[in-house]
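Throughout, a chain's letter reflects where its sequence line sits, starting with A, and its residues are numbered from 1.
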Amino acid sequence: MRRAEHYASPMLHPRPFYYLENFCMALAWLRQRCGDLLNETEHAFIARFHELPRESAALLVRMIGRKGDLFRASKLGYSEIGCPSDAAAALIELGWVDREPPAQADWWPDPSDVIYRLMIRPLCDRLRLVFFGNFRQDWSQFVLADLGIFKYEKVPCDPATRAFHTREHIDTFHALFLCSQQLEESDDIEGLLRMLPPPVADNEWLEDRRRKLQFRIAQCCERQGDLVLALQIYRECGYAGARLRVVRLLERLERIAEALQLAARIREQPADEVETQQVCRMWPRLQRKAGLIPQRSRPPHGWSTFKLVLPLDQRPACLEQATAQALSQAEAPVHYVENGLINSLFGLLCWEAIFAPIAGAFFHEFQAAPADLHAPAFHGRRAAQFAQCFAQLESDGYRDTIRRNFEQKTGIQSRFVFWNVISEALLRSALDCLPREHLAACFGRILANIRSNACGLPDLVQFWPAQRRYRLIEVKGPGDRLQDNQIRWLSFCVAHGIPVSVCQVSW
DNA sequence: TCATTCTTCG
DNA sequence: TTCACACTTTCGC
DNA sequence: GAAAGTGTGTCTCGAAGAATGAGT
Ligand SMILES: [Mn+2]
Ligand SMILES: [Mn+2]
């Protein structure tokens with residue numbers, strides 16, 4: 001690493017200030033597309049930044065790219081910048097960087113060493129949020145994409161599109177983020193509720209995030225044992241799972257009649273499969289508590305179960321992998337793919353639909369999915385494109401599309417395609433063994449509710465290429481039980497004639 | 001002192 | 001930083 | 001059996017330098 005004693009060494013890098021160039025590109029993007037969203041401080045920052053000497057600007061960007069806010073001068077040696085204290089002078093002048101008091105420096109063995117503190121981290125984080133639309137990505141995306149480490153689909157996008165449309169939305173997102181961080185470390189429900197922003201009328205995905213956070217606050221309240229307050233929060237909360245929590249809390253509060261009444265309403269008009277599944281589990285219990293005769297028990301599940309005993313000596317780190325090996329046969333190999341296979345097939349077949357240049361869906365060049373992926377209108381906005389993809393399943397057309405996209409899009413980030421799981425051979429086996437009716441059924445289920453149906457698929461897939469046959473296998477070790485989303489997929493498979501079984505592994 | 005983990009860079 | 005999954009514990013019948 | 005709670009890996013690469021910390 002280039003450290004202080006080396007900063008005078010020759011610059012070998014072809015673009016020694018690449019990170020500064022990238023940061024400037026981002027600032028230009030922000031000024032052009034989001035100028036109306038930025039406040040005075042942010043505008044002033046951008047204006048002043050461009051007036052800085054190059055070395056000072058570069059040092060600031062280096063600091064922004066690093067972790068924490070405190071830096072020893074001796075650790076800020078960059079060959080392209082040169083002397084850090086020279087470069088820091090202009091930054092200190094602006095108040096963006098501060099020299100830490102010497103008392104702090106006493107800790108360090110070298111008293112001549114200076115400590116700098118970056119003062120504008122919150123401002124930089126806000127700019128990062130406005131650019132990316134999330135806090136997950138950072139400026140290193142630029143260089144990683146340049147180097148081809150991350151590849152992203154090139155989607156033509158309207159220069160008017162951006163992550164946020166109003167300043168209020170930016171501030172709300174930030175407030176939600178802070179509140180959710182607070183939830184991690186604090187149990188003060190009153191305080192958390194005060195931090196929670198009010199409902200967002202004009203932004204669906206922000207309102208979704210708000211509701212989910214409200215739900216999590218209620219869960220926290222429930223854990224603390226304040227059932228009455230939790231009930232009140234759940235009742236106010238529009239989050240998908242909140243109705244069921246209301247039933248559960250009424251039950252725990254021994255208000256059985258009310259619980260039964262709401263449960264009956266949910267049974268009549270379930271919002272989704274999850275509600276149906278959970279309310280069916282609560283129903284007999286509530287009836288019993290109400291003194292009613294429990295209705296007939298649930299019909300038995302339709303999937304088969306078999307046992308497998310692994311030798312005690314080979315007790316590997318990964319149970320699924322070991323099971324795959326044990327079940328594998330020369331003519332019938334087993335692969336540990338979990339959600340990776342079906343989702344990848346879906347993502348490859350529907351690539352054009354997923355990355356269709358719909359207005360507002362793509363705004364920067366580092367997206368692995370459209371911004372509205374989880375919006376209820378996602379499918380509707382691309383109905384024609386998806387219909388075209390699904391139509392290919394009526395003939396053999398889908399095979400070429402999947403294989404072609406596997407070749408042409410290799411490595412390009414997509415929310416659906418697990419490049420580390422699939423291979424050409426796996427794809428060939430899958431296309432040979434999975435009938436198109438099964439693919440159509442699974443893809444339809446994923447598209448119907450991406451958030452809840454893109455996961456929960458069985459651990460293993462076994463192919464019999466010679467017989468053009470396959471089966472899915474969910475592995476369960478001792479003490480591991482089927483989860484709700486796994487049960488829903490198993491039931492779905494049974495209903496559509498997709499061969500699936502559960503393998504109970506022991507030693 | 002060595003091994004492990006964290007951080008940085010591109 | 002988020003989420004899906006496994007693994008563990010507790011409860012009530 | 002059902003429910004709730006906890007833990008873990010992984011979103012994101014690999015190479016290489018620094019820091020950490022347990023053990024001597
Ligand atoms: Mn699994
Ligand atoms: Mn499993």
With both distances kept under 3.5 Å, what pairs with B:dT5, Watson-Crick or G-U wobble? D:dA18
A:Arg481 side chain: which of D:dC13, D:dG1, D:dA4 is closest? D:dG1
Identify which nucleotide among D:dT12, D:dA4, B:dC9 has an atom closest to any side-chain atom of A:Arg136, counting heavy atoms from C-beta outward. D:dT12
Modelled atom types, side-chain donor and acceptor of A:Ser140 and A:Asp138, under 3.5 Å: yes
Which one, D:dA3, B:dG10, D:dA18, comes nearest to the side chain of A:Lys75? D:dA18
Whole angstroms only, please: what is the CD1-P distance between A:Ile412 and D:dT12? 14 Å
Could you tell me the separation between the CZ atom of A:Phe17 and the C1' atom of B:dG10, rounded to a whole number of Å? 15 Å
When the distance from CD of A:Gln483 to C1' of D:dT6 is rounded to whole Å, what number comes out? 13 Å
Minimum heavy-atom distance between A:Val334 and A:Ser328, given as atom pair plus value: N-OG, 2.8 Å
Would you mind reading off the distance between A:Arg288 atom CZ and D:dA2 atom P, rounded to a whole angstrom? 10 Å
Nearest-Å distance, CG (A:Leu144) to P (D:dA15)? 15 Å
Just do the side chain to side chain donor-acceptor pair (under 3.5 Å) check on A:Gln408 and A:Trp351 with the steps written out, would you? CA-CA 11 Å; A:Gln408 293 182 355; A:Trp351 191 280; over 6 Å; no
Stems involving DNA chain C: give each as a range paired with a range, ordered by first number, where a stem means at least three consecutive Watson-Crick or G-U wobble pairs under 3.5 Å. C:3-11 with D:1-9
Is there a side chain to side chain contact (heavy atoms under 4.5 Å, CB included) between A:Leu341 and A:Val421 once you walk through the steps? CA-CA 7 Å; A:Leu341 177 61; A:Val421 171; 5.7 Å; no
If you draw the axis of the six-membered ring of A:Phe492, does the NZ or CZ of A:Arg445 fall within 45° of it and under 6.0 Å from the ring centre? yes
A:Gln141 has an atom CD; how far is it from atom P of B:dG10, in whole Å? 17 Å
Sorted by position of nearest nucleotide on DNA chain B, 5' first, the leading residue of A:Lys67 and A:Tyr18 is A:Lys67
Span of DNA chain C engaged by chain A, first through last nucleotide within the 4.0 Å heavy-atom cut-off, is C:dT1 to C:dT8
Quick one: is D:dA18 close enough that its OP1 or OP2 comes under 4.0 Å of any side-chain N or O from A:Arg72? no
Using whole Å, what does the distance between atom P of nucleotide D:dT6 and atom CG of A:Asp480 come to? 19 Å
When the nearest nucleotide of DNA chain C is assigned to A:Lys289 and to A:Glu320 on a heavy-atom basis, which residue is associated with the more 5' position? A:Glu320
